[in-house]
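This report concerns only the one structure given below.
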Amino acid sequence: QVQLVESGGGLVQAGASLRLSCVASGRISIYTMGWFRQAPGKERDFVIAITRIGERTYYADSVKGRFTISRDNAKNTVYLQMNSLKPEDTAVYYCAADRRLSGSSQSVYDYEYWGPGTQVTVSS
């Protein structure tokens, strides 16, 4: 079983930036990697994903132009760069891995492995 651990969350003001990291216990080159977020009382929503060697990305409209995903397969690490943060971005952010060989990887049901999450809070 692949273990994922997120880090880099915190409390920031609106307009600030944060960079989240997701470190895996093993090789991640076989997985599409994605980020999801969940606010209290809300569903876990798709944010952004990147395919195995980074040739394609998928993203939610709400973060287009502000968030960027990248991966370093040699370090078994995925990053989420978040710029121009808004209070609406406040949530627990989760890293996840999709082992399927095809699909757009934009649903929680596409992903088999999940990290415990890291809290991001954006104040106004």
Side-chain angles (χ1 to χ4, degrees):
Q1 185 175 25
V2 175
Q3 295 180 334
L4 307 172
V5 180
E6 306 93 340
S7 63
L11 173 63
V12 298
Q13 293 184 337
S17 297
L18 279 175
R19 191 191 196 199
L20 306 184
S21 297
C22 171
V23 179
S25 62
R27 183 167 56 97
I28 65 167
S29 61
I30 60 175
Y31 304 117
T32 288
M33 302 297 296
W35 289 91
F36 291 75
R37 64 188 182 186
Q38 187 168 23
K42 304 295 184 180
E43 294 183 336
R44 187 169 298 188
D45 293 327
F46 170 75
V47 177
I48 196 166
I50 186 168
T51 52
R52 290 180 292 277
I53 61 172
E55 72 274 22
R56 182 178 294 181
T57 60
Y58 307 98
Y59 51 84
D61 290 340
S62 60
V63 304
K64 183 179 180 181
R66 299 190 299 121
F67 290 12
T68 303
I69 189 170
S70 61
R71 64 191 298 159
D72 187 338
N73 288 344
K75 296 181 178 179
N76 295 321
T77 301
V78 180
Y79 304 97
L80 176 61
Q81 179 67 46
M82 304 184 294
N83 298 326
S84 301
L85 282 163
K86 305 174 181 179
E88 308 93 271
D89 297 318
T90 295
V92 175
Y93 282 71
Y94 298 91
C95 176
D98 174 10
R99 64 172 293 165
R100 300 174 305 143
L101 298 179
S102 63
S104 61
S105 302
Q106 298 179 79
S107 168
V108 294
Y109 303 108
D110 296 330
Y111 291 81
E112 184 173 358
Y113 306 109
W114 295 83
T118 185
Q119 177 71 47
V120 172
T121 302
V122 184
S123 65
S124 60

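Residue numbers start at 1 and run along the sequence shown. Hydrogens, waters and symmetry mates are skipped; everything else that's a heavy atom, side chains included, is used.
Interatomic distance, OH of Y59 versus NZ of K64, reported as 3.5 Å (0.5 Å rounding). One distance of note links CD1 of I48 with OG1 of T68; it measures 6.0 Å at 0.5 Å rounding. Here OG of S104 is found 9.0 Å from CG of D98. Values are rounded to the nearest 0.5 Å. Taken from CD1 in I50 to CD1 in I69, the straight-line distance is 5.5 Å, to the nearest 0.5 Å. Rounding to the nearest 0.5 Å gives a distance of 7.5 Å between OG of S62 and CG of D89. Atom OG1 of residue T118 and atom CG of residue L80 lie 10.5 Å apart, to the nearest 0.5 angstrom.
Clustering ILVMFWY residues whenever any of their side-chain heavy atoms sit less than 4.5 angstrom apart, transitively, puts L20 in a cluster other than the one holding V5. Tracing side-chain contacts under 4.5 Å through hydrophobic residues (I, L, V, M, F, W, Y), one never reaches W114 starting from Y31; they form parts of separate clusters. F46 and V108 fall within a single hydrophobic cluster, where Ile, Leu, Val, Met, Phe, Trp and Tyr side chains are chained together by heavy-atom contacts under 4.5 Å. Put simply, V92 and L11 are part of two different groups of oily side chains (I, L, V, M, F, W, Y) that touch within less than 4.5 Å, one to the next.
Around atom CZ of R99, no more than 12 heavy atoms belonging to other residues, nucleotides or ligands sit under 6.0 Å away. Atom CD of Q119 has more than 12 neighbouring heavy atoms from other residues, nucleotides or ligands inside a 6.0 Å radius. Residue E55 qualifies as enclosed at atom CD: its count of foreign heavy atoms under 6.0 Å is above 12.
The shortest side-chain heavy-atom distance between V23 and N76 does not fall under the 4.5 Å cut-off. The shortest side-chain heavy-atom distance between P116 and E6 falls under the 4.5 Å cut-off. Looking at heavy atoms from C-beta onward, S17 lies out of side-chain contact with M82 at the 4.5 angstrom threshold.
Under a 3.5 Å cut-off, the side chain of R56 and the backbone N or O of A49 do not form any donor-acceptor pair. Side-chain atoms of S29 never come within 3.5 Å of backbone atoms of R27 as a donor-acceptor pair (strictly under, hydrogens ignored). At distances below 3.5 Å, not a single donor-acceptor pair connects side-chain atoms of T32 with backbone N or O atoms of T51. Although no hydrogens or angles enter the test, the distance criterion places a donor-acceptor pair under 3.5 Å between the side chain of S107 and the main chain of Y109. At distances below 3.5 Å, at least one donor-acceptor pair connects side-chain atoms of R66 with backbone N or O atoms of S84.
Nearest heavy-atom pair, N73 versus R52, reported as atom, atom and distance to 0.1 Å: ND2-O, 3.0 Å. The two atoms that bring L4 and C95 nearest to each other are CD1-O, 3.7 Å, heavy atoms only. For the residue pair A16 and V12, the shortest heavy atom distance occurs at CB-CB, 3.9 Å. In plain terms, the two heavy atoms of M33 and A97 that are nearest each other are SD-CB, 3.7 Å.
Under a cutoff of 6.0 Å and an axis angle of 45°, R44 and Y94 form a cation-pi pair. A cation-pi arrangement is found for R19 relative to Y79, the charged atom lying closer than 6.0 Å to the ring centre and inside a 45° cone about the ring normal.
With ring centers used as reference points, F36 lies under 6.0 Å from Y111.
No donor-acceptor contact under 3.5 angstrom links the side chains of T90 and E88, judged on distance only. Side-chain contact, R37 with Y93: a donor N or O sits under 3.5 Å from an acceptor N or O. Using modelled atom types, one finds no donor on one side chain facing an acceptor on the other under 3.5 Å when comparing S105 with D110.
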